[in-house]
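Below, all heavy atoms of this structure are taken into account, side chains as well, without hydrogens, waters or symmetry copies.
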Amino acid sequence: MMPGLMSRRQYPFHLIEPKWQQHWDAEQTFRAWNPSDAVPASHPFAQRHGADAMSPEKIAAGQAPGKFYILDMFPYPSGAGLHVGHPEGYTATDILARYRRSQGRNVLHPMGWDSFGLPAEQYAVKTGQHPRVTTEANIANFTRQIKSLGFSYDWSREVATTDPGYFKWTQWIFLQIYNSWFNPETNKAEPISTLKYPDALAWPEGVTGVVVAQAPPPVTSPAGAPACCPPELEAKRRAYVDSKRLAFVSEAPVNWCPELGTVLANEEVIDGKSEVGGFPVIRKPMRQWMLRITAFAERLLADLDTIDWSDSLKEMQRNWIGRSEGAEVDFKLDGHAAKIRVFTTRPDTLFGATYMVLSPEHKLLAQITTPEQAEAVKKYQEFATTKSDLERTELAKEKSGVFTGAYAINPVNGEKIPIWIADYVLATYGTGAIMAVPAHDERDFEFAKKFNLPINQVVIPKDLKGGAIGPLEAPFCEEGVAFESPSHGWRLEDMNLPKDQQRLPWDFSPPDINGLPTAEAKAKITAWLESKGLGQKTVNFKLRDWLFSRQRYWGEPFPIIWKKGADGQLYHEALPESALPLLPPTLEDYKPTADGQPPLARAKEWLHLLDGSIRETNTMPQWAGSCWYYLRYLDAKNAAGFVGKDVESYWMGTAASARSSVASGQSEHSTLKTENSGTTPGVDLYVGGTEHAVLHLLYARFWHKVLFDLGHVSTAEPFYKLVNQGLILGSDGQKMSKSRGNVVNPDDVIGEFGADAFRLYEMFMGPLQDTKPWNTQGVEGVYRFLGRVWRAFVDEASETDYEQAAAAHGDSATFLGQIQLSAAIQDVPATPAQLKTLHTCIKKVTEDLEGLRFNTAISSMMVFINDAMGWEVKPASVYRTFVQLLAPFSPHLAEELWAKTNTKFGIQNVSLSYAPWPTFDPARLVETEIEFPVQVNGKLRDVIRIQVDASKETIEQMVLKSEKAQQFLEGKTVKKIIIVPKKLVNIVVG
RNA sequence: GCCGGUGUGGCGAAAUGGCAGACGCACGGGACUUAAAAUCCCGGGAGCCUCAAAACUCGUGUGGGUUCGAGUCCCACCACCGGCACCA
């Protein structure tokens with residue numbers, strides 16, 4: 001920006017903003033206070049609430065200020081610096097934080113850094129510079145930028161996920177998860193010590209073992225297990241425990257991204273490509289750490305009903321969790337003892353199952369495939385498993401598959417149906433096998449058409465009277481009425497076969513579901529299957545366990561070591577808590593090793609422990625640190641625990657908080673707001689982008705539930721209310737990107753218009769949740785508004801003096817004091833009209849803040865100033881109240897004007913940030929006479945002035961006399977007159 | 001394909017079922033100024049008719065419906081945005 005072209009400043013924001021930022025820093029204005037904190041008497045919080053406000057007595061008596069926890073999604077400190085999307089959410093939360101503070105709440109509004117991440121590591125691979133150096137430089141830049149916006153963060157609680165003092169506790173929480181199992185009977189996570197061994201793994205009678213002290217101690221083994229012989233049994237017991245842990249090792253096909261050199265969670269793969277960078281992802285079997293999030297699927301789903309999130313976000317999580325109810329059904333095989341179990345959501349269509357499909361990975365394939373088909377099946381399996389997810393998606397247009405040569409018996413009608421394999425059946429969902437009902441399933445229909453398999457219709461639409469059924473053009477997948485169900489293929493000839501050759505017993509009687517609506521048919525056939533021992537009702541989820549390890553350097557190392565058991569097999573063991581934090585080793589080279597090991601494997605000394613055990617070389621994914629950072633803010637410096645108990649229960653807990661699907665057994669459609677305190681359990685408001693819908697927000701809820709079950713936190717859910725800010729697009733309506741050249745740098749905007757204008761513009765653009773394009777001229781608009789506010793307050797002549805001084809001696813904050821308040825601002829009573837203008841504004845701003853409607857709050861302040869700037873005499877009380885309304889939005893300017901009025905009128909130095917929020921007085925809005933629209937048949941014809949309290953009769957008379965209305969009444973009869981008090985009147989004529 | 005959301009001036013938008021377009025941008029006109037910038041004031045939905053104004057007609061994606069009255073509620077459809085996508 002060339003200075004010569006820069007227009008004159010609307011007001012000296014370049015001096016005002018740093019001045020107040022320094023003041024807030026020095027005063028620690030925005031410190032949030034924990035229980036038992038002694039508040040310094042000089043602090044404005046103490047001046048408002050008393051120095052003993054947070055004493056245990058006051059908290060116990062419910063006399064401490066209510067908490068308000070308002071949280072931003074902490075940023076990854078990238079090298080590119082802040083973009084305009086960050087301050088959108090941050091400004092919204094800051095406005096609300098300042099508003100609640102002025103309402104008397106103890107506001108917790110923290111900021112920190114999600115600082116583990118790939119870019120710093122990639123830079124390290126290229127340059128050899130330690131990621132910590134890059135990360136710290138980026139954090140410093142982000143801090144500078146964020147501070148320049150004047151947010152009311154409590155910086156004393158700043159956290160960075162890369163700090164050893166932080167990730168010590170990330171590792172500690174991992175160990176809590178590792179040392180837990182999910183008890184299906186209580187539907188809760190429990191310490192692994194409560195796990196009971198099956199009888200087969202019980203210690204033989206009389207065996208007593210000496211517990212051998214090990215380094216590290218066996219924190220993981222269930223109580224009572226002697227740590228000695230017999231070794232085979234010990235290994236089996238260990239394997240059993242390890243198979244139940246919430247953190248477990250699994251060897252399975254995973255998402256491998258060669259470009260990134262790491263595996264990825266399902267949530268991080270989009271359309272077969274990595275969410276970061278968009279690189280291809282392939283399936284590859286690998287040994288990886290998993291977290292058993294699937295055990296919590298039901299609760300993660302049900303508890304969505306207890307929190308205040310947007311419908312679309314809840315729906316995204318619901319879809320991702322993907323609950324579906326159905327039945328598992330066993331099919332006998334023709335000529336084999338084995339059975340194949342399938343999962344179906346439509347057991348009512350069992351009569352229409354004309355073939356079966358197994359996933360190419362199905363375990364029984366080797367056993368059942370006939371010799372003639374073996375070659376083809378093998379080829380198909382190879383074809384299917386080597387395809388990447390991306391190729392799979394692309395090939396999805398055309399169905400493919402191979403016949404195994406084997407047959408299954410349909411349990412309801414004895415029909416022999418062919419068994420195929422096809423990649424449209426997934427190994428990882430349900431049982432990895434389906435019964436195909438081509439008449440009533442899109443995919444089965446397509447497959448049947450392609451391979452010429454029979455299609456039997458067994459459901460008809462409700463409104464269709466039976467009979468008129470021809471060959472199906474398309475599958476009928478909706479609910480309907482069961483039809484001709486028992487008749488298809490019912491093999492009467494079976495009754496004539498010798499008993500051992502019968503596919504079904506001769507007295508076998510399938511249920512008659514004909515004519516039943518789908519729901520009833522499902523229930524009846526499922527009950528029948530259960531009674532015959534052929535199947536049962538089942539619930540399936542799409543959610544998969546969380547793949548938790550990454551082949552990276554710049555992440556939390558696992559506090560896990562590997563040892564060799566007596567049987568020669570490796571097994572894992574947790575490090576003791578005293579070994580935390582486990583730091584990553586120092587490396588020269590951050591690349592993976594030549595043989596494909598993670599970079600940590602390069603550090604030979606770090607890797608091998610003295611006792612011969614080896615460290616885990618994988619690291620945790622970036623999501624680990626963000627799973628609990630909102631808890632660390634509560635007690636950021638606590639060295640003895642991840643968070644103090646009292647502190648946690650003050651900020652997160654309330655009486656209503658323990659409610660969850662576990663306690664109640666079912667979801668509750670209730671807002672959790674507690675009656676007396678007005679506070680909510682968990683984080684009161686969480687604002688961030690929608691990109692974390694099924695990543696961070698799902699993972700954090702999962703960890704929180706584990707911590708809740710183990711008694712470490714007081715609420716079942718971490719985030720009570722969540723709002724997604726909308727995307728800010730470039731001025732061309734496209735997403736901002738370097739390649740488009742439409743990126744707006746916040747530093748430039750602040751330099752030209754100031755932080756207050758920047759904040760105000762981001763809020764004025766439109767509703768917080770909406771996507772909206774950036775418009776620089778729009779910034780100028782709100783900047784002009786702030787200029788008008790300034791000029792409404794200050795004396796023009798003194799400002800000219802200031803400018804001359806600044807021009808002569810250089811710009812300096814010391815000259816700011818030369819600017820005087822306008823002489824029009826006087827300590828006089830306000831007129832009713834002025835009070836009406838003010839209270840209209842108070843009402844609107846207050847209501848809009850409650851509803852997070854910042855754009856309309858701002859427009860009401862514009863309306864106020866457009867009126868108030870023209871007043872010849874400006875009552876100081878009215879002007880000061882307006883400053884309070886403006887303060888949450890544009891705090892620097894508000895502080896400056898507040899201070900100037902303090903000085904002029906000798907008002908004791910009341911901190912603006914803690915001054916009580918203005919109350920709206922309805923009496924100030926009462927009018928005696930109002931404009932009253934007159935409609936004829938719903939069309940506006942006239943506006944008359946009437947007394948507010950005019951009777952209906954008076955109004956009727958006045959309205960009928962209205963000249964303009966008269967024209968439309970001529971020659972017609974008035975049928976009725978509808979009078980809506982204080983709104984309008986409508987004359988209905990015929 | 002499925003799920004969710006959104007459709008209002010040239011643009012961002014506003015309207016508990018009650019005067020559509022508040023507020024802002026852009027644009028046009030005026031005041032101030034030697035001039036410009038800045039500032040202040042005024043005007044802008046479309047059509048029709050006018051020298052001009054008044055008046056009138058139409059108007060919130062499309063088509064129906066409910067209502068004295070619909071941007072708002074109901075039904076059907078269209079378009080766009082976001083998410084999921086062979087999950088049986």
Side-chain angles (χ1 to χ4, degrees), chain A residues 5 7-10 270-271 310-320 322-324 326 342-346 349 357 392-393 395-397 399 422-426 428-437 440-444 446-447 477 540-544 690-691 693-694 724 726-727 731 733 761 764-767 769-782 784-785 787-788 791 796 844 853 855-863 866 869-870 931-943 964 967 975-980 982-989:
Chain A
L5 291 181
S7 53
R8 180 183 181 237
R9 276 195 197 88
Q10 290 275 347
I270 294 166
D271 292 336
S310 72
D311 287 341
S312 67
L313 195 64
K314 284 187 181 182
E315 207 51 31
M316 274 190 233
Q317 290 219 344
R318 285 193 191 108
N319 290 340
W320 193 261
R323 183 183 198 275
S324 61
V342 302
F343 173 71
T344 178
T345 54
R346 290 294 299 272
T349 63
V357 190
R392 247 178 131 128
T393 316
L395 291 165
K397 289 160 201 144
K399 287 276 179 295
D423 66 354
Y424 83 90
V425 174
L426 308 174
T428 48
Y429 183 79
T431 61
I434 62 156
M435 63 178 213
V437 186
H440 305 293
D441 182 279
E442 198 85 42
R443 298 144 302 182
D444 297 345
E446 241 178 84
F447 194 84
C477 304
N540 258 304
F541 294 92
K542 279 202 274 186
L543 185 69
R544 300 296 140 77
T690 189
E691 66 273 20
V694 293
N724 289 123
L727 222 53
S731 51
Y761 173 64
F764 186 62
M765 293 167 86
Q769 295 87 339
D770 287 10
T771 299
K772 29 202 183 253
W774 183 268
N775 175 8
T776 299
Q777 283 161 331
V779 192
E780 286 175 45
V782 294
R784 274 200 282 269
F785 160 68
R788 279 203 297 282
R791 288 187 297 276
E796 247 185 276
K844 185 76 178 140
R853 293 180 297 266
N855 54 333
T856 47
I858 293 165
S859 78
S860 73
M861 290 191 284
M862 289 172 166
V863 171
N866 287 346
M869 68 189 297
E931 305 250 302
F932 205 66
V934 179
Q935 292 185 345
V936 178
N937 280 351
K939 286 190 175 146
L940 181 73
R941 297 304 181 189
D942 199 4
V943 178
K964 288 176 188 160
Q967 302 173 18
K975 286 185 173 165
K976 61 175 156 178
I977 297 177
I978 291 156
I979 296 171
V980 186
K982 295 180 191 178
K983 285 287 181 192
L984 51 59
V985 57
N986 190 13
I987 307 168
V988 186
V989 297

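Here B:G69 is the nucleotide among B:C84, B:G69, B:A88 with the atom lying nearest to any side-chain atom of A:Asn986. Closest contact between the side chain of A:Val425 and the listed nucleotides B:G18, B:C23, B:A88 involves B:A88. Nearest nucleotide to the side chain of A:Leu984, out of B:G18, B:C68, B:U39: B:G18.
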Quiz item: Given pairs defined as Watson-Crick or G-U wobble with both distances under 3.5 Å, what dot-bracket annotation applies to RNA chain B, with ( ) intrastrand, [ ] crossing, | other strand and . unpaired?
Solution: (((((((..(((.....[....))).(((((.......))))).(((........)))..(((((..]....))))))))))))....
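The gap from the C1' atom of B:C27 to that of B:U33 amounts to 23 Å, rounded to the nearest Å. With P as the reference atom, B:U72 and B:G18 are 11 Å apart, rounded to whole Å. When the P atom is used for both B:U34 and B:A55, the distance is 42 Å, rounded to whole Å. Going from the P atom of B:U62 to that of B:C84 covers 32 Å, rounded to whole Å. Comparing B:C2 with B:A14, their C1' atoms sit 34 Å apart, to the nearest whole Å. Atom name C1', nucleotides B:C19 and B:C68: the rounded distance is 16 Å, in whole Å. Taking atom C1' on both B:A70 and B:U16, the two are 15 Å apart, rounded to the nearest angstrom.
In this structure, A:Glu442 reaches neither bases nor backbone, as no heavy-atom distance under 4.0 Å exists between it and the strands shown. Looking at heavy-atom distances under 4.0 Å, A:Val980 makes contact with a base. Using a 4.0 Å heavy-atom criterion, one finds that A:Gly781 contacts the sugar-phosphate atoms exclusively.
Dashed line: the shortest gap from a side-chain N or O of A:Asn866 to OP1 or OP2 of B:C40 is not under 4.0 Å. For B:C58, one of the phosphate oxygens OP1 or OP2 lies less than 4.0 angstrom from a side-chain nitrogen or oxygen of A:Lys939. Phosphate contact (OP1/OP2 of B:C40, side-chain N/O of A:Arg791, threshold under 4.0 Å): present. Neither OP1 nor OP2 of B:G83 sits under 4.0 Å from any side-chain N or O of A:Thr690.
Annotation: side chain of A:Gln10 is in contact with side chain of A:Arg791 (closest heavy-atom distance under 4.5 Å). Side-chain contact check for A:Ile977 versus A:Val988: every heavy-atom pair is 4.5 Å or farther apart. With contacts defined as side-chain heavy-atom distances shorter than 4.5 Å, the pair A:Val437/A:Arg346 does not qualify. Counting heavy atoms from C-beta outward, A:Met435 and A:Thr349 have side chains that approach closer than 4.5 Å. The closest side-chain heavy-atom distance from A:Ile434 to A:Asp444 is below 4.5 Å. Contact annotation: the side chain of A:Glu780 never approaches that of A:Tyr761 to less than 4.5 Å [non-hydrogen atoms, C-beta and beyond].
Base orientation at B:G44 is syn, since its O4'-C1' glycosidic dihedral falls within 90° of 0. With its glycosidic angle more than 90° from 0, B:G12 adopts the anti conformation.
Every side-chain contact (heavy atoms from CB on, under 4.5 Å) that A:Leu727 has, sequence neighbours left out, goes to A:Leu729, A:Lys735, A:Thr771. A search for ring-ring contact (aromatic ring centres under 6.0 Å, His included) contacts involving A:Phe785 returns nothing, not counting sequence neighbours. Scanning for salt bridge (Lys or Arg N to Asp or Glu O under 4.0 Å) contacts around A:Arg784 gives an empty result, with sequence neighbours left out.
Rounded to whole Å, atom P of B:C84 lies 6 Å from atom CD1 of A:Ile270. Spacing between atom CZ of A:Phe343 and atom P of B:C86 amounts to 17 Å, rounded to whole angstrom units. Atom-to-atom, CG of A:Asn319 to C1' of B:C2 comes out at 9 Å; the value is rounded to the nearest Å.
The heavy-atom pair separating A:Lys772 from A:Gln769 by the smallest distance is NZ-N, 4.5 Å.
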Quiz prompt | side chain to side chain contact (heavy atoms under 4.5 Å, CB included) evaluation trace for A:Arg318 with A:Glu315 | solution = CA-CA 5 Å; A:Arg318 285 193 191 108; A:Glu315 207 51 31; 2.9 Å; yes
All N/O pairs under 3.5 Å across the protein-nucleotides 12-17 of chain B interface:
unit_1 : atom_1 : unit_2   : atom_2 : d
B:G12  : O2'    : A:Met765 : O      : 2.5
B:A14  : OP1    : A:Asn855 : ND2    : 2.8

Could I get a table of every N or O pair under 3.5 Å where one atom is in the protein and the other is in nucleotides 26-29 of chain B?
unit_1 : atom_1 : unit_2   : atom_2 : d
B:A26  : OP2    : A:Arg784 : NH2    : 3.2

